[in-house]
Amino acid sequence: MLRLYVMRHAKSSWAVPGARDFDRELNDRGKSDLLLISREIAKENLIPELVLCSSSVRTRQTLDCISDALKPEPEVEFLESLYSGGMEDYLAAIRSRNDCKSIMTIGHNPMSGSLASALAGAGDIRAMEQIAYKYPTATVAVLDFDLENWSEIEKGKGNLTSCLFPSLLRK
């Protein structure tokens with residue numbers, strides 16, 4: 001059994017004229033949402049062995065904000081391909097790892113939402129419908145695969161067991 005956590009970075013500041021998109025930082029709401037998400041990650045013991053994180057500033061800050069909840073501390077890799085690439089780049093990064101049973105990606109949209117939606121072939125119908133429509137910032141989808149190796153994952157083969165939406169945790 002393999003488990004994949006697909007996380008979109010938290011809410012970030014708007015682009016500043018003359019500044020690179022890559023350097024955008026989290027805003028106050030994003031940091032606040034990550035407190036809620038962190039609590040839920042710890043409560044539900046949603047701890048990956050490996051984190052594949054985009055190398056952008058806002059994804060690194062997202063990881064920093066949830067790091068206290070990730071105990072024991074996972075291995076972390078920062079990948080440019082998760083910033084500039086498409087869904088196939090996310091899949092390639094995941095498929096290349098067969099040394100662990102659980103992986104978290106921290107990336108961007110539309111790739112994070114597309115990845116979670118494409119991989120979910122079964123599971124929580126309401127959550128599947130919601131992520132197919134919209135994948136809000138700081139969302140974490142939890143997908144289980146009845147497989148032995150990450151190289152075997154394919155679209156529609158995952159079971160969406162849960163989905164953490166900051167808006168639902170704020171209530």
Side-chain angles (χ1 to χ4, degrees), residues 3-48 50-74 76-87 89-90 93-94 102-120 123-143 158 160-171:
R3 177 165 275 186
L4 178 65
Y5 306 97
V6 180
M7 183 172 198
R8 181 180 177 196
H9 67 78
K11 189 81 172 160
S12 59
S13 59
W14 292 102
V16 176
R20 297 184 320 157
D21 176 75
F22 184 90
D23 296 324
R24 287 173 42 211
E25 296 186 354
L26 298 181
N27 65 19
D28 289 341
R29 190 183 108 200
K31 292 173 187 173
S32 173
D33 284 349
L34 288 172
L35 288 173
L36 299 170
I37 291 293
S38 290
R39 283 189 210 125
E40 200 66 21
I41 285 172
K43 178 180 153 194
E44 299 295 327
N45 197 32
L46 304 176
I47 314 298
L50 170 67
V51 175
L52 301 174
C53 185
S54 162
S55 54
S56 76
V57 170
R58 61 192 176 274
T59 50
R60 286 174 179 265
Q61 288 177 327
T62 296
L63 176 58
D64 286 345
C65 288
I66 66 167
S67 64
D68 285 346
L70 302 179
K71 302 293 182 211
E73 190 173 314
V76 176
E77 277 185 43
F78 295 101
L79 303 171
E80 173 71 28
S81 62
L82 298 187
Y83 173 74
S84 59
M87 187 171 63
D89 295 292
Y90 280 62
I94 295 164
S102 59
I103 296 174
M104 174 182 276
T105 61
I106 302 178
H108 305 269
N109 246 16
M111 287 70 63
S112 292
S114 296
L115 178 68
S117 186
L119 291 175
D124 182 333
I125 299 298
R126 185 169 175 241
M128 287 173 63
E129 289 172 352
Q130 187 162 358
I131 66 172
Y133 170 71
K134 185 177 181 183
Y135 206 79
T137 54
T139 293
V140 180
V142 182
L143 295 129
L160 182 65
T161 59
S162 66
C163 209
L164 306 179
F165 298 104
S167 60
L168 296 179
L169 297 174
R170 279 188 226 116
K171 296 178 179 180

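Residue indices begin at 1 and follow the sequence shown.
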Colleague: Can you find a heavy atom in the side chain of M7 that is under 4.5 Å from one in the side chain of L34?
Modeller: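 A side-chain contact under 4.5 Å exists here.
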Colleague: Where the side chain of S54 meets the backbone of S56, is there a donor-acceptor pair that is under 3.5 Å apart?
Modeller: yes
Colleague: Keeping S84 on the side-chain end and E80 on the backbone end, is there a donor-acceptor pair under 3.5 Å?
Modeller: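 Confirmed, S84 side chain pairs with E80 backbone.
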Colleague: Just so I know, are the side chains of S112 and Y90 near enough to count as touching, which here means a heavy-atom distance under 4.5 Å?
Modeller: yes
Colleague: Please tell me if the side chains of K71 and E73 come closer than 4.5 Å, counting only heavy atoms from C-beta onward.
Modeller: yes
Colleague: Rounded at 0.5 Å granularity, tell me how far OG in S114 sits from CG in L119.
Modeller: 10.5 Å
Colleague: Using modelled atom types and a 3.5 Å cut-off, is there a donor and acceptor pairing between side-chain atoms of R29 and backbone atoms of K11?
Modeller: no
Colleague: Before giving the answer on side-chain contact (heavy atoms from CB on, under 4.5 Å), spell out for L169 and R39 the whole-Å C-alpha distance, their side-chain angles and the decisive distance to 0.1 Å.
Modeller: CA-CA 10 Å; L169 297 174; R39 283 189 210 125; over 6 Å; no
Colleague: Within this structure, what is the CD1-CG distance for the pair I94 and L4, rounded to the nearest 0.5 Å?
Modeller: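 One gets 4.5 Å once the value is rounded to the nearest 0.5 Å.
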Colleague: If we ignore angles and hydrogens, is there a donor and acceptor under 3.5 Å between the side chains of S13 and E25?
Modeller: no
Colleague: Quick one: are F78 and L63 in side-chain contact, heavy atoms under 4.5 Å?
Modeller: yes
Colleague: Please enumerate all residues that pass side chain to side chain donor-acceptor pair (under 3.5 Å) together with D64, with sequence neighbours excluded.
Modeller: none
Colleague: Working to the nearest 0.5 Å, report the span between CG of D21 and NE2 of H108.
Modeller: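 Reported to 0.5 Å precision, the distance equals 7.5 Å.
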Colleague: Apply ring-ring contact (aromatic ring centres under 6.0 Å, His included) to F165 and list each qualifying residue two or more places apart in sequence or on a separate chain.
Modeller: none
Colleague: Looking only at heavy atoms, which two atoms of L26 and C65 are closest? And how far apart?
Modeller: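 Of all heavy-atom pairs spanning L26 and C65, the closest is CD1-SG, 4.3 Å.
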Colleague: Contact between L160 and I131 at the side-chain level, heavy atoms closer than 4.5 Å - yes or no?
Modeller: yes
Colleague: Which pair of heavy atoms, one from V51 and one from I106, lies closest together, and at what distance?
Modeller: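 Closest approach of V51 to I106, heavy atoms only: CG1-CD1, 3.9 Å.
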Colleague: Taking all non-hydrogen atoms of both residues, which atom of P48 and which atom of S102 are closest, and how far apart?
Modeller: CA-OG, 3.4 Å
Colleague: How far does NE2 of H9 sit from CD of Q61, to the nearest 0.5 angstrom?
Modeller: 11.0 Å
Colleague: Would you name the heavy atoms of D33 and A138 that are closest together and state the gap between them?
Modeller: CB-CB, 4.3 Å
Colleague: Do the side chains of D124 and C163 get nearer than 4.5 Å, heavy atoms only?
Modeller: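 Not in contact.
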Colleague: Hey, does V140 have a side-chain heavy atom less than 4.5 Å from the side chain of L46?
Modeller: no
Colleague: Roughly how far, to the nearest 0.5 Å, is the CD1 atom of I37 from the CD1 atom of I66?
Modeller: 9.0 Å
Colleague: Step by step, work out the side-chain contact (heavy atoms from CB on, under 4.5 Å) result for I41 and L164.
Modeller: CA-CA 9 Å; I41 285 172; L164 306 179; 4.2 Å; yes
Colleague: Taking all non-hydrogen atoms of both residues, which atom of T62 and which atom of A10 are closest, and how far apart?
Modeller: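 Scanning both residues, the minimum pair turns out to be OG1-N, 3.1 Å.
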Colleague: Closest heavy-atom contact between S38 and A69?
Modeller: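 Heavy atoms of S38 and A69 come nearest at O-CB, 3.3 Å.
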Colleague: Are the side chains of V142 and E44 in contact, using a 4.5 Å heavy-atom criterion?
Modeller: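 They are not in side-chain contact.
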Colleague: Looking only at atom types and distance, does a side-chain atom of Y135 sit under 3.5 Å from a main-chain N or O of A141, one as donor and one as acceptor?
Modeller: yes
Colleague: Rounded to the nearest 0.5 Å, how far does OG1 of T139 lie from CD of Q130?
Modeller: 7.5 Å
